[in-house]
Visitor: 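Sharing a structure below in structure tokens format, with a few things to ask.
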Amino acid sequence: MAWARRVSRRVFLTASAGTVGTVMAASGAYALLGRDEGHDPPPTPSATPQVFSGGTPTPATLPLARGPADGYLALAPKRLRSGQREQISLALFRGDDPVAGEVALALLKDGQPVAGASGQVAGRGALELALPALAPGDYQLQLKSGSLSGQAAIPVEDGTLVFVESDKPIYQPGQTIHLRVLALDAALRPAAGQVTVEVSDAKGIKVFKQGATVDDFGMAAVDLPLSDEPNLGSWSVRATLGQRQGEAQLRVERYVLPKYEVTLQPAKSWVLAGEPLKGTVSAEYS
């Protein structure tokens with residue numbers, strides 16, 4: 001298991017009967033390791049991986065062993081997003097050598113498949129898993145290749161993107177903060193729904209909460225009038241739409257705009273049409 005520890009320090013799950021498998025969180029992804037009993041884990045091949053989609057591999061770049069696979073490695077995002085296409089990286093082994101084989105992936109909810117992909121993997125490659133509009137929650141990612149099988153729990157999140165911004169970065173006491181929210185779906189089209197905007201002051205005290213309806217352009221706007229004696233410092237803004245959130249920072253400070261003067265001294269008091277205007281520009285500020 002020393003090879004597995006180099007991938008991650010956390011072990012979550014063992015694969016189904018007939019194989020010894022491990023699921024780990026590794027750099028924002030799940031690594032699904034499978035191996036027939038009685039074999040040591042293989043080292044990761046150092047050659048450049050193949051990448052393919054829909055079961056159409058690129059020309060082979062690795063010498064492949066003969067026979068069925070007795071081990072596999074699958075890497076998936078730590079979280080899948082509803083309505084998105086996610087890449088699942090795969091590698092098949094026989095002993096210490098890469099091998100070609102058919103791989104089938106399925107995303108399960110309560111034991112029922114809700115999305116799937118399959119294709120031929122020539123040593124190393126990837127399958128594209130197209131997710132429909134799914135409810136957020138916990139799902140199971142299942143892999144099968146010949147006699148090998150394994151599955152791991154993986155969450156699915158709402159694919160909506162939420163952005164929130166203010167009309168300027170710094171406000172003075174007594175001014176009004178103008179906030180705008182932009183909501184997009186997984187295809188970057190305007191998303192509909194009810195957004196909740198919350199603002200916390202520099203001491204972490206929630207001073208504002210208001211709901212707003214996102215319009216047909218995916219936009220919503222709210223205003224927050226500041227008091228004359230607010231807590232000065234960095235304020236945080238959070239916009240929530242369903243399970244998705246967007247955050248922004250702004251500052252509330254007392255400040256005085258700098259005073260400055262700009263003067264122009266022309267070389268002469270008149271010029272002809274088309275003649276260059278020459279002179280001296282000076283600026284002073286305190």
Side-chain angles (χ1 to χ4, degrees), residues 1-80 84-108 113 115-131 139-155:
M1 189 57 70
W3 176 62
R5 284 198 293 268
R6 289 200 296 270
V7 179
S8 174
R9 296 179 181 176
R10 294 183 292 168
V11 177
F12 290 91
L13 178 121
T14 301
S16 58
T19 65
V20 177
T22 312
V23 178
M24 293 164 291
S27 301
Y30 279 127
L32 211 148
L33 307 177
R35 191 73 176 169
D36 276 346
E37 294 180 351
H39 293 270
D40 293 328
T44 303
S46 59
T48 302
Q50 304 174 66
V51 178
F52 66 92
S53 174
T56 305
T58 59
T61 59
L62 298 173
L64 301 178
R66 296 181 179 273
D70 59 16
Y72 66 86
L73 169 65
L75 291 173
K78 193 172 184 179
R79 294 177 177 83
L80 303 179
Q84 298 275 29
R85 294 180 175 270
E86 304 285 2
Q87 289 283 337
I88 312 298
S89 299
L90 305 163
L92 297 178
F93 308 100
R94 181 171 179 81
D96 293 341
D97 299 319
V99 67
E102 184 77 15
V103 177
L105 292 173
L107 186 66
L108 310 177
S118 62
Q120 185 77 11
V121 175
R124 300 172 67 181
L127 286 179
E128 188 176 76
L129 189 63
L131 274 66
Y139 291 72
Q140 293 287 324
L141 182 62
Q142 183 185 75
L143 180 149
K144 291 185 178 181
S145 179
S147 62
L148 299 175
S149 66
Q151 65 181 27
I154 189 167

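Along the sequence shown, residues carry numbers from 1.
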Visitor: Where do A74 and L90 come nearest, in terms of heavy atoms and distance?
Guide: CB-CD2, 3.7 Å

Visitor: Output all residues satisfying side-chain contact (heavy atoms from CB on, under 4.5 Å) with V99, sequence neighbours left out; order by chain, then residue number.
Guide: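 Listed in chain order: A69, L92, R94.
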
Visitor: Kindly give the heavy-atom pair with the smallest separation between A115 and A130, and that separation in Å.
Guide: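 Looks like CB-O, 3.6 Å.
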
Visitor: Just wondering, do I88 and L143 contact through their side chains at under 4.5 Å, heavy atoms?
Guide: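 They are not in side-chain contact.
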
Visitor: Any salt bridge (charged side-chain N to carboxylate O under 4.0 Å, His left out) pairs touching residues 84-93, not counting sequence neighbours?
Guide: R81-E86, R85-E128

Visitor: What's the shortest heavy-atom distance between A76 and L141, and which atoms?
Guide: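 In terms of heavy atoms, the two residues are closest at CB-CD2, 3.7 Å.
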
Visitor: Any side-chain heavy atom of Q142 sitting closer than 4.5 Å to one from S149?
Guide: no

Visitor: Counting distance only, does the side-chain N/O of S118 pair as donor-acceptor with the main-chain N or O of V103 below 3.5 Å?
Guide: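 Not at all, since once roles are kept as given, no pair shorter than 3.5 Å links the two residues.
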
Visitor: Over all heavy atoms of both residues, which pair between A126 and Q87 is shortest? Give the atoms and the distance, please.
Guide: CB-OE1, 3.4 Å

Visitor: Within this structure, what is the CD1-CG distance for the pair I154 and L108, rounded to the nearest 0.5 Å?
Guide: 11.5 Å

